[in-house]
Amino acid sequence: MVAGWYTVLLPAMSGWIALLELDGVLIGQWMISRPILVGPLMGLLCGKPALGLSLGILFELFTLDKSPVGSVMPLNGTVAAGTGVLLSAGPDVVPLALAFPAGLLLSAGHRRLESRLREYRSIYSLRAFQDIDRDGRVNWEGLLLPSLGRQVLMTGVFVYASVFVFGPLLSYAWGEAPVFLRRALEFGLRASAGIGLASLICSLGRKI
Amino acid sequence: METAVFRSVFWRSFFIQSCWSFEGRQNLGFLMALDPVLKKIYPDKREYRAAAIRHLSCFNTQPYVSGCVLGVTAGMEVQRAQLPEGERKEFEKKMISMKTSLSTALAAVGDAFFWGSLRPAAAACTILLWLVLWTLRAPHPIFLGALFYVAVFNAPALWVRWKGLLGGFRRRETLVEDLAALCWTKRARMIRRIGLAAAIIVLAASILVPPWGGSFGAEPAALFATAFALRRFGGVTPTRTYAGAVVLGALGAAALQ
């Protein structure tokens, strides 16, 4: 069961998360990459829909705060919800109280990767100029496919590696952690619904 | 211009961010979306090349309103192609300036409407819908809620993309008047009010029935009030408030031990 999780299910789900993440960054912006959808979807795939739903809603409320305006890179809600649910619903069963901050931290880690990818993509403008100079036309497939492929691959590997490494590690750490720390994280989880709703109400009540 | 060309531009506009970089931002995506129009009006490679290079300069706007900028630019490119040689240079300057100013102005409107109003309101309404469906024990609550969220957000987003493209092409510089008639701010305010009402109902429910355990009423209400005050008056982000809650929890638990 555990071997099947790491060799089949986890790679497949990491791939799904990476594909969905394209919507938030590169293609469409149909909102299918929002944690409010990714959480329940991953929960359903793992057989724990209620867990996916609650984590998805929490991550949605926490990531609504900032908008991807200009070059601003808010927390990646897709990665947060995806890794959070996989950590909690996987065979290592990381408790929600720990899976939630882990998802937030991993999404912040993914922001660095995203920044590198955006820097790298400058090369495609140069290639477009070269295409126009050489053939008088731009080879769009030659630009799009590597750009999208690289994003999917990097995000997929990031999600897989995160769950693969941190799943057993966090599960072990939770068992060994002092009681006050576990209580603190449980309190943080209880507070998170109120914090998220406060953020939502503030953003909706703001004057425009 | 045939509808097939517009359809192609519309479809390609979904890829406007596909090569987003810090240097050019959406420049490649914009050129890719405009490509069918440029190919149509400039069959000559030399002319096409000049037009493509014109649109490879840095460009950035809100993705949902990109249709308007694409439409106006496509319309102006068609107009330019029909001008005598001597007037083209001057018109190109006007076109680029129009493209830049329109992209900036529309980005501000689009950000406030889509990111700032529709996205949180859609989330609040979806959470409320899930709560209702769960309470009523309706079949497939997750699927219905997800469908609702996608539909509520995408219906106006797709409409603005398509109508903006067509309207921009037909009205060009005068598109601004059409956009002003849409009363974005008024609509955004209405959407926010609906979202706020939904969020307040969800809040009341979460205080009465705390979703992640804890005592009835007092604790979740106190936590919400603190988080609200920090966010509203101190501008503290939810992640920082959460970190503060964990630290507070650790201190409290250590003291109790």
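In what follows, chains are A, B, ... by sequence order, proteins preceding strands, each numbered from 1.
- Contacts with chain A were tallied for B/R161, B/Q62, B/E23; B/E23 has the most, counting heavy-atom pairs under 4.5 Å.
- Between B/V69 and B/L106 there is a side-chain heavy-atom pair separated by less than 4.5 Å.
- In this structure, the portion of B/Y149 lying under 4.5 Å from any heavy atom of chain A is its side chain and not its backbone.
- Residue A/I36 touches chain B through both its backbone and its side chain, counting heavy-atom pairs closer than 4.5 Å.
- Contacts of B/L203 with chain A are made by both backbone and side-chain atoms, with heavy-atom separations under 4.5 Å.
- A pairwise comparison of heavy atoms in A/A99 and A/S88 identifies CB-CB, 4.0 Å as the closest pair.
- No other option in A/F62, A/Y120, A/Y124, A/F100 has as many heavy-atom pairs under 4.5 Å with chain B as A/F62.
- Only the side chain of A/L53 has a heavy atom closer than 4.5 Å to any heavy atom of chain B.
- In this structure, no portion of A/R182 lies under 4.5 Å from any heavy atom of chain B.
- Under a cut-off of 6.0 angstrom, the local environment of CE in A/M73 is crowded, with over 12 non-hydrogen atoms contributed by other residues, nucleotides or ligands.
- Ranked by heavy-atom pairs shorter than 4.5 Å toward chain A, the options B/F153, B/F114, B/W134 are led by B/F153.
- Here the shortest heavy-atom pairing between A/A81 and A/F59 reads CA-CD1, 3.6 Å.
- Shown here for B/P36 and B/S8, the closest heavy-atom pair between the two residues is CG-OG, 3.2 Å.
- Only the side chain of A/F187 comes within contact range of chain B, with heavy atoms under 4.5 Å apart.
- Between B/F113 and B/W115, a ring centre-to-centre spacing not shorter than 6.0 Å is recorded.
- Chosen from B/W20, B/F228, B/F15, B/F224, the residue pairing most often with chain A at heavy-atom distances under 4.5 Å is B/W20.
- Contact count against chain A (heavy-atom pairs under 4.5 Å) is highest for B/K39 among B/R46, B/Q26, B/K39.
- Contact of B/A123 with chain A is made through backbone and side chain together, with heavy-atom distances under 4.5 Å.
- Side-chain contact, A/S107 with A/N76: no donor N or O sits under 3.5 Å from an acceptor N or O.
- At a 4.5 Å heavy-atom cutoff, the contact between A/L104 and chain B is made by side-chain atoms alone.
- In this structure the side chain of A/L170 never reaches within 4.5 angstrom of the side chain of A/D92, judged on heavy atoms.
- With chain B as the partner, the residue from A/L22, A/L185, A/L144 showing the most heavy-atom pairs under 4.5 Å is A/L144.
- The two residues A/L189 and A/A97 come nearest to each other via the heavy atoms CD2-N, 3.9 Å.
- At a 4.5 Å heavy-atom cutoff, the contact between A/I27 and chain B is made by backbone and side-chain atoms alike.
- In this structure, chain A has no heavy atom under 4.5 Å from any part of B/L38.
- The parts of A/E119 that come within reach of chain B are both its backbone and its side chain, each placing non-hydrogen atoms under 4.5 angstrom from that chain.
- Proximity of A/W140 to B/L28: side-chain heavy atoms (C-beta onward) are separated by under 4.5 Å at one or more points.
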How far apart are the C-alpha atoms of B/R231 and A/D65, what are their side-chain angles, what is the distance that settles it, and do they pass the salt bridge (charged side-chain N to carboxylate O under 4.0 Å, His left out) test?
CA-CA 10 Å; B/R231 183 81 192 98; A/D65 192 46; 2.5 Å; yes
Assess the residue pair B/N27 and B/S57 against the criterion (side chain to side chain donor-acceptor pair (under 3.5 Å)); give the C-alpha distance rounded to whole Å, side-chain angles, the decisive distance to 0.1 Å, and a yes or no.
CA-CA 6 Å; B/N27 64 341; B/S57 55; over 6 Å; no
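- Of the listed residues (B/I191, B/I16, B/D35), the greatest number of heavy-atom pairs within a distance under 4.5 Å of chain A belongs to B/D35.
- In terms of non-hydrogen atom pairs under 4.5 Å with chain B, the most contact-rich of A/A191, A/G136, A/G188, A/G28 is A/G28.
- Most heavy-atom pairs under 4.5 Å with chain B: of the set A/L117, A/L148, A/D133, this distinction falls to A/D133.
- Per-residue heavy-atom pair counts under 4.5 Å with chain B were compared for A/C202, A/G56, A/P49, A/S147, and the maximum is reached by A/C202.
- Heavy atoms closer than 4.5 Å to chain B are found in both the backbone and the side chain of A/V179.
- Proximity to chain A (any heavy atom under 4.5 Å) is shown, for B/R193, by neither the backbone nor the side chain.
- Neither the backbone nor the side chain of B/R240 comes within less than 4.5 Å of any heavy atom of chain A.
- Surrounding CZ of B/R232 are at most 12 heavy atoms belonging to other residues, nucleotides or ligands under 6.0 Å away.
- Across B/Y64 and A/Q29, no two heavy atoms sit closer than the pair OH-O, 2.5 Å.
- With a 4.5 angstrom heavy-atom cutoff, A/I32 touches chain B only via side-chain atoms.
- The contact between B/T239 and chain A is made by backbone and side chain atoms together, counting heavy-atom distances below 4.5 Å.
- Looking at A/T78 and A/R34, their side chains never bring a donor and an acceptor atom within 3.5 Å of each other.
- Both the backbone and the side chain of A/W30 come within less than 4.5 Å of a heavy atom in chain B.
- Contact detail for A/P146 and A/E141: the closest heavy-atom pair is CD-O, 3.7 Å.
- Taking B/P141, B/P238, B/P63 one by one and counting their heavy-atom pairs under 4.5 Å with chain A, the maximum is reached by B/P238.
- Heavy atoms closer than 4.5 Å to chain B are found nowhere in A/I123, neither backbone nor side chain.
- For chain A, the nearby parts of B/R49 are the backbone and the side chain; heavy atoms of each come within less than 4.5 Å.
- Neither the backbone nor the side chain of A/A108 comes within contact range of chain B; no heavy atom of the residue lies under 4.5 Å from a heavy atom of that chain.
- When each of A/P178, A/P40, A/G52, A/S115 is checked for heavy-atom pairs under 4.5 Å with chain B, A/S115 comes out on top.
- Taking a cutoff of 4.0 Å between a charged side-chain nitrogen and a carboxylate oxygen, A/R118 and A/E114 qualify as a salt bridge.
- Side-chain contact annotation: A/E21 with A/T155, donor-acceptor N/O pair under 3.5 Å present.
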